[in-house]
Amino acid sequence: MDMSLKEKSTWVSLISTIGVFGYYFYGILGLVGLPVEVALDNALSLAIKIITIIVMLEIIFQSLLAVSHHREANLGNDERDKIFNDKSHRISYVVLVIGVFVTLGRIVIVEYNPSFTAELNSIQIPMLTAHILLLSFILAEVARFISLIFYYRRGR
Amino acid sequence: MAVDLPISNKIRELRFFANEMTQQELAELVGVTRQTIMAIEKSKYSPTLELAFKIAEIFGQSIEEVFQYHPK
């Protein structure tokens, strides 16, 4: 399979994002049932851990790719890359907006129906609103990577 | 999975007659990646007018001689 540097770089970002944030959300679900303070502390240390991992992974793999494709790396994005980037950003934006509206809807429902608060609290996911927003952002990024790869494979 | 674009081209043939110019050489001359040239040759990507003119200029041809439009 003949892939450009940008396509390889997108594959690296897709795999590392799914792997690292999949691990993070799996870890967060594992905190359900713990006392709030303990869950918050664990969530924070997990967040620091995965941010460090994803930054390291991106630096290592993107640097290796840039070194092995130095000519393309110096060229930057050509017109095809820019067009595909624009298209995939549009898809990503839709996913992000859906996530933002889900979050807003949840906030409004909780505000107007305090009885739901007790039920929602029973889920006991630390910083639930922040995590819904984070999940929306990650899903938007994954949608962007998948659509980019799709355009590179299929063409336009 | 590839799309069927209404624009074909003679870039491959023109490269052959230009001292068997490689895709990489052409890509460097017009400032894109080799994969973009490959995608154009396979009609998987329609270049912008600017890039189409650059490619035609490299081969000393008019744009119509390099690219052909086939409306469906």
Side-chain angles (χ1 to χ4, degrees), chain A residues 1-18 58-59 61-95 142-156, chain B residues 1-16 18-59 61-72:
Chain A
M1 198 183 282
D2 193 2
M3 287 193 270
S4 66
L5 168 65
K6 302 293 172 201
E7 191 179 347
K8 285 177 187 169
S9 160
T10 308
W11 271 109
V12 166
S13 297
L14 174 67
I15 292 166
S16 56
T17 302
I18 290 176
E58 285 286 330
I59 289 173
F61 286 105
Q62 301 295 356
S63 306
L64 285 174
L65 278 176
V67 168
S68 59
H69 298 72
H70 60 278
R71 227 187 268 170
E72 265 189 77
N74 290 334
L75 181 66
N77 287 339
D78 70 7
E79 62 166 52
R80 183 164 155 262
D81 298 320
K82 285 175 191 163
I83 289 171
F84 291 171
N85 268 330
D86 289 348
K87 285 178 153 194
S88 56
H89 269 115
R90 264 178 255 153
I91 293 168
S92 171
Y93 177 75
V94 171
V95 176
V142 168
R144 184 168 72 86
F145 297 143
I146 290 174
S147 54
L148 253 180
I149 290 167
F150 173 77
Y151 287 127
Y152 278 121
R153 290 289 96 208
R154 189 200 69 161
R156 176 197 70 125
Chain B
M1 179 164 118
V3 287
D4 191 17
L5 294 172
I7 297 174
S8 64
N9 63 79
K10 292 181 182 167
I11 296 175
R12 197 168 181 174
E13 183 186 328
L14 290 166
R15 277 197 302 109
F16 179 77
N19 260 344
E20 298 188 24
M21 181 190 286
T22 63
Q23 289 178 335
Q24 183 65 47
E25 285 165 345
L26 178 59
E28 282 172 19
L29 286 169
V30 296
V32 297
T33 61
R34 186 180 60 78
Q35 284 79 9
T36 296
I37 295 296
M38 196 170 67
I40 295 170
E41 283 190 5
K42 287 182 177 174
S43 292
K44 281 175 74 181
Y45 172 69
S46 294
T48 59
L49 261 181
E50 189 184 348
L51 179 57
F53 273 111
K54 276 185 187 173
I55 292 171
E57 194 183 21
I58 295 289
F59 295 116
Q61 307 276 328
S62 69
I63 200 162
E64 299 92 339
E65 285 169 312
V66 183
F67 295 95
Q68 297 79 42
Y69 178 56
H70 310 283
K72 288 174 184 175

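Here is the naming used below: chain letters follow the sequence lines, and residue numbers restart at 1 for every chain.
- Side-chain N or O atoms of B:Lys44 include one that pairs as donor or acceptor with a backbone N or O of A:Arg153 at under 3.5 Å.
- Only the side chain of A:Glu72 comes within less than 4.5 Å of a heavy atom of chain B; its backbone N, CA, C and O stay farther away.
- A donor-acceptor contact shorter than 3.5 Å is absent between the side chain of A:Gln62 and the backbone of A:Ile59.
- Between B:Gln23 atom CD and B:Ile40 atom CD1 the span is 10.0 Å, to the nearest 0.5 Å.
- For B:Glu50, no part lies under 4.5 angstrom from a heavy atom of chain A.
- For a residue to count as touching a neighbouring chain, one of its non-hydrogen atoms must lie under 4.5 Å from one of that chain's; by this rule A:Leu5 does not touch chain B.
- Considering only heavy-atom pairs separated by less than 4.5 Å from chain A, the leading option among B:Gln24, B:Glu28, B:Gln35 is B:Gln35.
- The backbone N or O of B:Lys10 sits nowhere less than 3.5 Å from a side-chain atom of B:Glu13 that would complete a donor-acceptor pair.
- Looking only at distances, no side-chain donor or acceptor of B:Asn19 sits under 3.5 Å from a matching main-chain atom of B:Met21.
- When heavy atoms are compared at a cutoff of 4.5 Å, A:Tyr152 approaches chain B solely by way of its backbone atoms N, CA, C and O.
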